[in-house]
There are 2 protein chains.
Amino acid sequence: MAADKREHILTVAEELFGDNGFDGTSVRDIAQKAGVNLAMISYYFGSKEKLLEALIELRAGYSFGILEELNKDETLSPWDKIDRLVEFYVEKVLNNLRFHSIMYREATNVRSEEIRDRIINIKLRNLEQITKIIQDGQQKKLFREIDIPMTMGSLMGTISSYTQARPYGCQVLALGYDANDEAYRSKLAPRLKAHLKQLLRAHLDIANLGSPSKG
Amino acid sequence: MAADKREHILTVAEELFGDNGFDGTSVRDIAQKAGVNLAMISYYFGSKEKLLEALIELRAGYSFGILEELNKDETLSPWDKIDRLVEFYVEKVLNNLRFHSIMYREATNVRSEEIRDRIINIKLRNLEQITKIIQDGQQKKLFREIDIPMTMGSLMGTISSYTQARPYGCQVLALGYDANDEAYRSKLAPRLKAHLKQLLRAHLDIANLGSPSKG
DNA sequence: CACAAAATTAAACAAACGTTTGAATTAAAC
DNA sequence: GTTTAATTCAAACGTTTGTTTAATTTTGTG
């Protein structure tokens, strides 16, 4: 009973924080939308700040296991792994639009140094796994030398640029301004995947050395 | 006198909005840091919301002229234009870190539909100019077929991923956690430029057709 | 200097904020 | 069935919020 309600509050908070930001959401907003008494939020979480931390704790960090698994999988070629990587991140972000917004907008500003360090460490560990995947491709003479952390930024940044600037994204995708999550997701996901695979293939392929024919 | 003080308030507001968000900044914060009386903000701008709109009005939209100029320049090859594009955007964003944060975090949530539409239109017009540059390269058989809006997302998103997640960026760049703006900028700018030029060259080059040697 | 307009101020406003209280209700344990 | 603990509630707490007021000072003009 208690666990259900606790999680329900977190789900509602995720939606509101994602849409209106942490400072743009009041505890009363959350209580009303969740249909619980105002005092229950302090009762369960202690404070608004700790509610955010509980939310991050609940949602963050599950990607590491999957990346580690992908890294260790010896049945997949490095090229296959890059494709899987793209699919994994596009799906992950697009299926957690609100939470991703929170992480992107507020996580760095979270007052708790503990949470902030946790987020940085998660990102660094993910980067580590991806570094291994790419280095494996380089050792097998498939991938060329690239700036791996910047490439990781291109992967995540491309996705984020369309999840954060949604009204613009709707225009580009020829969707109505008020397209719902599902409509946006189903139009954006294949487009992002195709682009990112093409982009990373060209970027990584060892055949693509030397500068282009200057014309 | 009045114009000076008005602009000074806007500059201070930009800094605070950029660091703490719109909802995370009070008009009293702005007044205190700007050294002006609280009532002056209503006096000059009418409201906090209109102050944000005045800030966006002041800073946004100057990039269009530069892109148009770049587009029309016939002394530069399409490849040169791509390099210029990268340099332009990296410099522009890194020299306006706070304002870029505001645009990225809050602009889509601005209550004023007018401002929101203005921002979308600016982005669409910029996209139009860049589309022309790339199509020119395609007609000259230098560039291959790509998804231009998604590529634009990769360009802007890569930069944003390192301006928005700064503590993580400091780690990647081997900077202290508390690196100041200038230190961050001077380490990040050349790294971003080099990566994005390499990335876009590989992505655009017509020589890079076909899928990589699956291994 | 005199006068009107603009700029600045301290103080106050009502509303919204996060949080706490203490009593009332429900659930669990024996 | 009684007792104890966990949960829920309306109400209130003290701050902080954005904005306005009305008086005062400064500035520009004839």
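Proteins come first, then strands; the chains are lettered A, B, ... in the order of their sequence lines, and each starts at number 1.
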### Query
Can you give the dot-bracket line for DNA chain C, where a pair is Watson-Crick or G-U wobble with both atom distances under 3.5 Å, crossing pairs use [ ], and | marks a partner on another strand?
||.|||||||||||||||||||||||||||
### Query
Rounded to the Å, how far apart are D4(A) CG and dA27(C) P?
14 Å
### Interatomic distance, Q32(A) CD vs dA16(C) P [rounded to whole Å]
12 Å
### Query
dA6(D) P sits how many Å from Y44(A) OH, rounded?
12 Å
### Task
Would you mind checking if D73(B) and R84(B) are paired as a salt bridge, meaning a charged N to carboxylate O distance below 4.0 Å?
no
### Message
For Q171(A), give me all partners under side chain to side chain contact (heavy atoms under 4.5 Å, CB included), at least two apart in sequence or on another chain.
### Response
I120(B), L124(B)
### Query
For K5(A) and dA27(C), what is the distance between atoms NZ and P respectively, to the nearest whole Å?
10 Å
### Summary
Between NE2 of H8(A) and P of dT8(D) the distance, given in whole Å, is 13 Å
### Message
Between E128(A) and R125(A), does any side-chain N to carboxylate O distance fall below 4.0 Å?
### Response
no
### Task
Please determine if K193(A) and E91(A) form a salt bridge, counting it only when a charged side-chain N lies under 4.0 Å from a carboxylate O.
yes
### Summary
With sequence neighbours left out, the residues meeting side chain to side chain contact (heavy atoms under 4.5 Å, CB included) with V27(B) are L38(B), I41(B), K48(B)
### Task
Could you tell me the separation between the CZ atom of F45(A) and the P atom of dT7(D), rounded to a whole number of Å?
12 Å
For a quick test of your reading: what N or O donor-acceptor pairs under 3.5 Å do the side chains of residues 130-138 of chain B make, sequence neighbours left out?
residue : atom : partner : partner atom : Å
T131(B) : OG1  : L127(B) : O            : 2.7
D136(B) : OD2  : K140(B) : NZ           : 3.2
Q138(B) : NE2  : R144(B) : O            : 2.9

### Query
Going by an N to O cut-off under 4.0 Å, is there a salt bridge joining E53(A) and K50(A)?
no
### Query
Atom CG of D29(A) to atom P of dT19(C): distance rounded to whole Å?
14 Å
Might you list the N or O atoms of the protein lying below 3.5 Å from N or O atoms in nucleotides 19-25 of chain D, with each pair's distance?
residue : atom : partner : partner atom : Å
dT19(D) : OP2  : K48(B)  : N            : 2.8

### Task
Taking side chain to side chain contact (heavy atoms under 4.5 Å, CB included) as the test, write out the residues that go with E14(A), two or more places apart.
L55(A), R59(A), R98(A), F99(A), I102(A)
### Query
Are OP1 or OP2 of dA16(C) and a side-chain N or O of S26(A) less than 4.0 angstrom apart?
no
### Task
Starting at atom CD1 of I30(B), determine the distance to atom P of dT16(D), rounded to an integer number of angstrom.
17 Å
### Task
Test T158(A) against every option in S154(B), S161(B), S160(B) by the side-chain hydrogen bond (donor to acceptor under 3.5 Å, both in side chains) rule and name the one that passes.
S154(B)
